[in-house]
Amino acid sequence: MEVQRVQVLALGGLHKLPEHFIRPAHEQPENTKAIEGLSLPVISLSQPHDVLVQEISAASKEWGVFLIKDHGVAPSLIKQLQEVGQGFFELPKEVKEKYANVPSEGKFEGYGTKMIKNPDQKVEWVDYYFHLMSPPSKVNHAIWPKHPSEYREVTEEYTKEILRMTYQIFALLSEGLNLESEALRSQLGGDELEVEMKINMYPPCPQPELALGVEPHTDMSALTILIPNDVPGLQIWKDDSWVAVDYVPDALYIHIGDQIEILSNGKYRSILHRSVVNKERTRMSWAVFCCPPGEAEIGPLPQLLDEQNPAKYSTKTYAEFRHRKINKLPQ
């Protein structure tokens, strides 16, 4: 069964959205308008260590999301990462289809688009490319794009930067809980931390007020590091309202994911967010999910529990958590 790619629909001069992209009225952006002009915390990593611990801890407790600047990732590398990702989606359809994933057969890596499983299901206005970046023992370079030819070199360089920043943020978050700096990293698999790239491509949409690029969700990861292009679309849920997130050039967007919320016993919050789409312009984002290996047991850290602070979450393997989340089963 051929998958209907959103990019092909958009390029075909579509004037009206097919029914399966039209969200229920209570989810449509025109009925759930976001607050504009509210700034997320922007944190410079060049500040003194104790200031960083305080600011990142506070942002993770209140917002569950923050932007970092002065992070040491060269703007030229960010630009290259975006160029090779855009380059893949500019390839002819028949070339892209050679990398198609088959989620129904457990083949999640590759070029994908969500499919309708039943007539009532609504789908998102997005095509994507998904693959593992680390650890090396689990990376399958055969599924990485061969074109543009620089894709592998650029992505491997970015992987090194991601690991450096992730471990730094884990340490700062650990210290914000008055724990040893290695506390979160060791619970999340140490060097076996799984790092996943998902390049999201949201083509121009004929009726953006009725559709969503990504429906409201929290990330099942421990941490997500996001780079968007300059087309706005990310929105977060704060104080019972959607808040539009502004584009900040060369900043990295850090989302607290479900696993950090669980390990911190709810002190840090996994951020509910969604993505809206644009009528004239293509939005893209490069999301890197930092996740524990499947066999890792994740539950509230014992150091944070006592009679006044009992566990708010059950302990289970990440594989079990992921299965329950994907299948919308209670945790």
Side-chain angles (χ1 to χ4, degrees), residues 1-36 38 40 64-65 89 101 103-104 108 111-130 198-221 224 226 228-229 231-247 253 255 257-258 270-287 289 324-330:
M1 178 179 168
E2 187 179 356
V3 179
Q4 188 179 50
R5 303 297 181 192
V6 175
Q7 188 180 12
V8 172
L9 278 177
L11 290 172
L14 199 66
H15 297 295
K16 189 178 177 189
L17 268 182
E19 186 66 31
H20 56 278
F21 288 105
I22 299 174
R23 310 302 300 192
H26 70 278
E27 287 186 13
Q28 292 172 11
E30 65 175 358
N31 298 328
T32 54
K33 291 205 182 320
I35 298 168
E36 304 274 351
L38 192 61
L40 270 63
V65 60
F89 284 99
N101 65 1
S104 61
F108 296 101
Y111 174 48
T113 304
K114 286 203 176 169
M115 293 181 68
I116 308 164
K117 292 177 182 168
N118 61 66
D120 300 324
Q121 186 184 5
K122 301 300 179 184
V123 291
E124 301 159 323
W125 186 261
V126 62
D127 294 329
Y128 64 87
Y129 203 102
F130 175 80
K198 189 179 183 193
I199 307 173
N200 295 301
M201 196 267 193
Y202 311 95
C205 177
Q207 294 175 292
E209 70 280 1
L210 302 179
L212 288 173
V214 176
E215 63 190 24
H217 69 289
T218 59
D219 292 340
M220 68 176 86
S221 60
T224 302
L226 183 86
N229 69 353
V231 179
L234 176 64
Q235 298 182 348
I236 63 156
W237 186 253
K238 175 103 168 42
D239 300 330
D240 297 323
S241 295
W242 288 109
V243 174
V245 177
D246 292 334
Y247 170 67
Y253 296 62
H255 294 197
D258 295 341
S270 184
I271 182 65
L272 183 69
H273 56 287
R274 69 179 186 179
S275 182
V276 297
V277 290
N278 192 286
K279 190 164 188 173
E280 283 84 33
R281 301 179 65 197
T282 294
R283 179 172 186 264
M284 290 188 71
S285 67
W286 287 255
F289 304 107
R324 288 173 175 273
K325 180 133 181 166
I326 289 170
N327 292 288
K328 297 181 166 60
L329 300 172

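Along the sequence shown, residues carry numbers from 1. All values below were derived from every heavy atom in this structure, side-chain atoms included, with hydrogens, water molecules and symmetry-related copies excluded.
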Give a yes or no on whether the backbone of [Y] and the side-chain of [X] come within a donor-acceptor separation of less than 3.5 Å.
| X | Y | value |
| --- | --- | --- |
| His273 | His217 | yes |
| Ser275 | Val214 | no |
| Arg283 | Val231 | yes |

Worksheet item: What's the spacing between Asp219 CG and Asp258 CG if we round to 0.5 Å?
Response: 7.5 Å
Worksheet item: Could you state the interatomic distance from CD (Gln235) to CD1 (Ile35), rounded to the nearest 0.5 Å?
Response: 10.5 Å
Please list, chain by chain and in numerical order, all residues satisfying side-chain contact (heavy atoms from CB on, under 4.5 Å) with [X], sequence neighbours excluded.
| X | result |
| --- | --- |
| Asn31 | Ala25, Gln28 |
| Asp239 | none |
| Thr32 | Trp242, Arg274 |
| Val8 | Arg5, Lys93 |

Note, [X] side chain near [Y] side chain (heavy atom, < 4.5 Å):
| X | Y | answer |
| --- | --- | --- |
| Tyr128 | Asn101 | yes |
| Val245 | Tyr253 | yes |
| Leu234 | His255 | yes |
| Leu212 | Val276 | yes |
| Phe89 | Thr282 | no |

Of all the heavy-atom pairs spanning [X] and [Y], show the shortest one and how long it is.
| X | Y | value |
| --- | --- | --- |
| Glu124 | Phe21 | O-CE2, 3.5 Å |
| Tyr247 | Asn229 | CD1-O, 3.4 Å |
| Val6 | Thr113 | CG2-CG2, 4.0 Å |
| Trp237 | Ile271 | O-CD1, 3.8 Å |

Worksheet, complete the sentence: Lys238 meets the salt bridge (Lys or Arg N to Asp or Glu O under 4.0 Å) criterion, sequence neighbours left out, with Glu62
Discussion item. Restricting to salt bridge (Lys or Arg N to Asp or Glu O under 4.0 Å), what partner residues turn up for Asp127, sequence neighbours left out?
Written reply: none
Contacts of [X] that satisfy side chain to side chain donor-acceptor pair (under 3.5 Å) - sequence neighbours left out:
| X | answer |
| --- | --- |
| Glu215 | Arg23 |
| Tyr111 | none |
| Ser221 | Thr224 |
| Asn278 | none |

Donor-acceptor pairs under 3.5 Å, side chain of residues 200-211 to any protein atom, not counting sequence neighbours: which ones?
unit_1, atom_1, unit_2, atom_2, d
Asn200, ND2, Ser285, OG, 3.3
Gln207, OE1, Leu17, N, 2.8

Worksheet item: Tell me, which pairs form a salt bridge (Lys or Arg N to Asp or Glu O under 4.0 Å) where one or both residues lie in residues 10-21, sequence neighbours left out?
Response: Glu19-Lys122
